[in-house]
Number of protein chains: 2
Amino acid sequence: MKRSDPKSHCPINFSLEAFGDTWSLLIIRDIVYFGKNTYGEFIESEERISSNILASRLAHLELKGILVKKPHATDKRKEVYFLSDKGLDLIPILLELAGWGALYDPETDAPQNWISAVKADRESMIRLIRDTVRNGGSIFSGPDSVVSKLAIT
Amino acid sequence: MKRSDPKSHCPINFSLEAFGDTWSLLIIRDIVYFGKNTYGEFIESEERISSNILASRLAHLELKGILVKKPHATDKRKEVYFLSDKGLDLIPILLELAGWGALYDPETDAPQNWISAVKADRESMIRLIRDTVRNGGSIFSGPDSVVSKLAIT
DNA sequence: CAATATAACTTGCATTATGAAAGTAATAAT
DNA sequence: ATTATTACTTTCATAATGCAAGTTATATTG
């Protein structure tokens, strides 16, 4: 799946080797934007990742220290995936990717209010998202979502 | 090489489909950080992209409107690749990827002074890089490089 | 000016990654 | 006790990648 020796120690290449495949950032997006954290939730995403690829990406992200897997508190069938601090540090990258995509996709799903809110006060938004996600919340989903805290329509 | 219909209109997915493969951002890095702009210069990069993949990625990035190809002014064998405005808008993403990689790779090649300088004044640094690259310069290479303008050691 | 070199690719083919579908083992719900 | 869920794994076909060796046009060198 992935080569073990790095192609270079260029910091951009290091990042790409850690999470720069087709699917990893979509999994991380699901956690940060939509509050997903189980295999079953990830596999429901609209991009339709296949089950074997999802399993390999989750394992890779865990190996890289970006995700942490814990048994579910009450349901022993479930595993719950969280972002480590290293994973939470990907939030600025997600925001930039979303900003570029929202700007150039004429059919984007991104709410313009949200994109504007991020541009208007980036640093404090990063802090708010980080704290929210660390506590199990997300940007768009759940009662403690970032958008509900900020009352973004 | 790439599917033509988008998997979704999630802005993050849109970005990943445009430049989110293993090599595209390394080509763009070569332009922005090192002032490369020909096939022969890209193929010399330390990550050792193969010639057919380089050709396919250049074609894809041109198709997506991120790169623009022009014949070389004096040498008719050469083609010169530039970033369009859409491509220049990827600079913030490169900076974030580099910041994360520099933070987490203990053997990173990234100069700490540079990483700190970007963190210290991100917005004006983005403007300076953008203007420099638009005029054919780069962050690290050439007489008009960003680091020489700023006298970063 | 003829021969060689360079630049930007392309082609062929082996290897590897991806993706769809079906299967499995453990636990939970009925 | 039976059925349903959950998180994977396995199998196999297809597609992407990567290496090596062309190819064509233009430039350089003796």
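Just so we're on the same page: letters track the sequence lines, and every chain starts at 1. The shown structure was predicted, so the numbers you read here are calculated from the model rather than taken from an experiment.
Applying a 4.0 Å cut-off to non-hydrogen atoms, the residues of residues 30-39 of chain A that approach DNA chain D are A:T38, A:Y39, listed by residue number.
One atom, CZ of A:R48, and another, P of C:dA21, lie 12 Å apart when rounded to the nearest Å. To the nearest angstrom, P of C:dA8 lies 14 Å from CD1 of B:I49. Here D:dG18 presents its P atom at 12 Å from CD1 of B:I43, a figure rounded to the nearest Å. Separating the NE2 atom of A:H72 from the P atom of C:dA28 is a distance of 10 Å, rounded to the nearest angstrom. Between B:E62 atom CD and C:dA8 atom P the separation is 14 Å, expressed in whole Å. The CG atom of B:L54 sits 16 Å away from the P atom of C:dT11 (whole-angstrom rounding). The CG-C1' distance, from A:N52 to C:dG23, rounds to 13 Å in whole Å. Atom pair A:I27:CD1 and D:dA7:C1' shows a separation of 14 Å (rounding to whole Å applied).
With 3.5 Å as the limit, one finds no donor-acceptor pair spanning the side chains of B:K64 and B:S24.
Here the side chain of B:S50 pairs no donor or acceptor atom with the backbone of B:I53 at under 3.5 angstrom. The closest donor-acceptor contact from the side chain of B:W100 to the backbone of A:K86 lies under 3.5 Å. No donor-acceptor pair closer than 3.5 Å links the side chain of B:E46 to the backbone N or O of A:K7.
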(request) Treat primed atoms plus P, OP1 and OP2 as sugar-phosphate and everything else as base, then score nucleotides 21-30 of chain D 5' to 3': B for base contact with protein heavy atoms under 4.0 Å, S for sugar-phosphate contact only, - for none. (result) B----BS---
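For B:E79, the listed nucleotide lying nearest its side chain is C:dA8; candidates were C:dA8, D:dT11, D:dC8. For A:K78, the listed nucleotide lying nearest its side chain is D:dT6; candidates were D:dG18, D:dT6, C:dG19. Here the nucleotide nearest the side chain of B:I53, chosen from D:dC8, D:dT10, D:dG18, is D:dG18.
Contact check, B:W23 against D:dG18: a side-chain N or O comes under 4.0 Å of OP1 or OP2. In this model, the phosphate group of C:dC9 is approached by a side-chain N or O of B:Y81 to a distance below 4.0 Å at OP1 or OP2. Distances shorter than 4.0 Å separate some side-chain N or O of B:K69 from OP1 or OP2 on C:dC9.
Applying the salt bridge (Lys or Arg N to Asp or Glu O under 4.0 Å) rule to A:D89 yields the partners A:R130; only residues at least two apart in sequence or on another chain are considered. For B:F42, the ring-ring contact (aromatic ring centres under 6.0 Å, His included) test picks out no residue, with sequence neighbours left out. For B:T108, the side-chain hydrogen bond (donor to acceptor under 3.5 Å, both in side chains) test picks out no residue, with sequence neighbours left out.
In this structure, A:F82 is not a member of the same hydrophobic cluster as A:I139, with clusters built from ILVMFWY side-chain heavy atoms closer than 4.5 Å.
Among pairs with a residue in residues 143-153 of chain A, none fulfils salt bridge (Lys or Arg N to Asp or Glu O under 4.0 Å), at least two apart in sequence or across chains.
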